[in-house]
Amino acid sequence: METVTHHGRETAYEVIDRGADGPPICFVHGSGGSRDVWTGQHALAEHRPVVAMDLSGHGDSGDIDASAGYSTLSAYTDDALAVVEATGAEVFVGNSLGGAVVLQLLLERHVDPDAAVLTGTGARLGVLDDLLTWLQSDFERAIEFLHGSDRLFHDPDPAVRERSMDRMADTGQAVTRRDFLTSHEFDVRDRLEEITVPTLALYGEHDQLTPPWFHEFLADEIEGGRLAEIEDAAHLAMIERPDAFNRVIEAFLADLEG
């Protein structure tokens, strides 16, 4: 694990470098997660270095004192920018809230990466009212709901599902609720045409949290946007179908390189 200090806090990240050429890929997790969600993507380091980071208040990163919404999203975006600058990453991959962070990087920070991958995410990320209520009053029920069929996972190994539930519980109620409230306020539907970076919208076939049409909208509205599906997966396709997920990213990047 490494850290970068910025804005009075430390952001943790790890670099998986197996000697491959090319600038790193930086992976940004979603609500209630940590860099551990990207363990299945370490295999991509055979092609270029992999960077997986913890947003503030997650994993090994220090927390922030910020209200949910734009303040939190801006802080998370600063986290990602600090890691990108520290590692020289030129490909950004974001899942769910992490996708919002990547979109915010592209729209609000002076970055010009080689490519971006938006997975299990959308230009708007409205959250069900019931889930927001449970995140405030019944955290265990919220975790159970998110781990129901075709939400975070389609048909996971029970051990995978249990690890994911433990990860969210470890992140804690306050931070996870802040994440979902921040997602709920996120909306850049009218700004996607500003993005000129080659972008892949990558979705799980059965994802009910950010359905396929969320990704179709991204691919349609971003100039030159591309679309791909991971079969037999839901919101966390990178965990549920890591090999298929990695093949799609490899093919996307190889095509860009010509």
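Any value given below was found using the heavy atoms of this structure, including those in side chains, with hydrogens, waters and symmetry copies removed.
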Participant: Once you round to the nearest 0.5 Å, how far does CD of Glu185 lie from CZ of Arg124?
Facilitator: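 Reported value, rounded in 0.5 Å steps: 10.5 Å.
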Participant: Between the side chain of Thr87 and the main-chain N/O of Val83, is any donor-acceptor distance below 3.5 Å?
Facilitator: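 Checked: pair present.
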Participant: Would you check if Asp114 and Leu256 make a side-chain contact, meaning some heavy-atom pair closer than 4.5 Å?
Facilitator: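 No, their side chains stay 4.5 Å or more apart.
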Participant: Tell me, do Thr210 and His215 make a side-chain contact under 4.5 Å, heavy atoms counted?
Facilitator: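 Result yes, sub-4.5 Å side-chain heavy-atom pair found.
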Participant: Check this for me: does any side-chain nitrogen of one of Arg178 and Asp63 sit under 4.0 Å from a carboxylate oxygen of the other?
Facilitator: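 The answer is yes: the pair qualifies as a salt bridge.
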Participant: Which pair of heavy atoms, one from Gly32 and one from Thr176, lies closest together, and at what distance?
Facilitator: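 That would be CA-OG1, 3.6 Å.
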Participant: Examine the side chains of His154 and Asp150 and answer whether a donor and an acceptor come within less than 3.5 Å of each other.
Facilitator: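 The criterion, which ignores hydrogens and geometry beyond distance, is satisfied for Asp150 and His154.
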Participant: With distance as the sole test, does Ser61 use its side chain to make a donor-acceptor pair with the main-chain N or O of Thr11 at under 3.5 Å?
Facilitator: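 Such a contact is absent between Ser61 side chain and Thr11 backbone.
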Participant: Does a salt bridge link Arg161 with Glu144, judged by any charged N lying under 4.0 Å from a carboxylate O?
Facilitator: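 Yes, this pair counts.
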Participant: Using a strict threshold of under 4.0 Å (side-chain N to carboxylate O), is an ion pair present between Asp36 and Arg163?
Facilitator: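 Judged by the 4.0 Å cut-off on N to carboxylate O distance, Arg163 and Asp36 do not form a salt bridge.
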Participant: Under 3.5 Å, is there a donor on one side chain and an acceptor on the other for Thr133 and Asp130?
Facilitator: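 Short answer, no.
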Participant: Distance-only, no hydrogens or angles: does the Glu240 side chain make a donor-acceptor pair with backbone N or O of Asp155 under 3.5 Å?
Facilitator: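 Present.
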Participant: Hey, which of Asp179, Thr171, Asp170 is the one that makes side chain to side chain donor-acceptor pair (under 3.5 Å) with His58?
Facilitator: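 The side chain to side chain donor-acceptor pair (under 3.5 Å) with His58 is passed solely by Asp179 among Asp179, Thr171, Asp170.
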Participant: With rounding to the nearest 0.5 angstrom, report the CG to CG distance, Leu103 to Leu218.
Facilitator: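 So the CG of Leu103 and the CG of Leu218 are separated by 6.5 Å.
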Participant: Which atom pair, heavy atoms only, marks the closest approach of Gly40 to Asn246?
Facilitator: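 Residues Gly40 and Asn246, closest heavy atoms: O-ND2, 2.9 Å.
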Participant: Going by side-chain hydrogen bond (donor to acceptor under 3.5 Å, both in side chains), name the residues that satisfy it together with Ser31, two or more places apart in sequence or in a different chain.
Facilitator: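 Scan of Ser31 (side-chain hydrogen bond (donor to acceptor under 3.5 Å, both in side chains), adjacent residues dropped) gives none.
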Participant: Will you find, in the side chains of Asp79 and Ser56, an N or O donor that is under 3.5 Å from an N or O acceptor?
Facilitator: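 Checked: Asp79/Ser56 side chains pair up, N/O donor to acceptor below 3.5 Å.
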Participant: Between Glu250 and Leu44 (side chain of the first, backbone of the second, donor and acceptor by atom type, cut-off under 3.5 Å), is there such a pair?
Facilitator: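 Here the side-chain-to-backbone pair does not exist.
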Participant: Measure the shortest side-chain to side-chain distance between Arg247 and Ile249 over non-hydrogen atoms and say whether it is less than 4.5 angstrom.
Facilitator: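 Counting from C-beta outward, Arg247 and Ile249 never come under 4.5 Å.
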Participant: In Å, rounded to the nearest 0.5 Å, how long is the span from CZ of Arg35 to CD of Gln41?
Facilitator: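 Atom-to-atom, Arg35:CZ and Gln41:CD are 14.5 Å apart.
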Participant: Are Leu97 and Met53 linked, directly or through other ILVMFWY residues, by side chains that come within less than 4.5 angstrom of each other?
Facilitator: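 Yes; tracing contacts between hydrophobic side chains, which count when under 4.5 Å, links both residues.
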Participant: Is there a donor-acceptor contact under 3.5 Å from the side chain of His147 to the main chain of Ile143?
Facilitator: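 Confirmed, His147 side chain pairs with Ile143 backbone.
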Participant: Whether Arg177 engages the ring of Phe139 as a cation-pi pair (distance to the six-membered ring centre under 6.0 angstrom, angle to the ring normal within 45°) should be assessed.
Facilitator: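 Judged by the rule (NZ or CZ under 6.0 Å from the ring centre, within 45° of its axis), Arg177 is not positioned above Phe139.
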Participant: Considering only heavy atoms from C-beta outward, does the side chain of Val111 approach that of Phe92 to under 4.5 Å?
Facilitator: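 Yes, at least one pair of side-chain atoms sits under 4.5 Å.
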Participant: For Asp54 and Asp60, indicate whether the former's side chain and the latter's backbone hold a donor-acceptor pair under 3.5 Å.
Facilitator: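 Answer holds: yes.
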Participant: Salt bridge or not between Glu108 and Arg191? Use side-chain N to carboxylate O under 4.0 Å.
Facilitator: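 Salt bridge: yes.
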Participant: So do Leu202 and Phe245 actually touch side chain to side chain, heavy atoms under 4.5 Å?
Facilitator: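 Of all side-chain heavy-atom pairs linking Leu202 with Phe245, at least one is under 4.5 Å.
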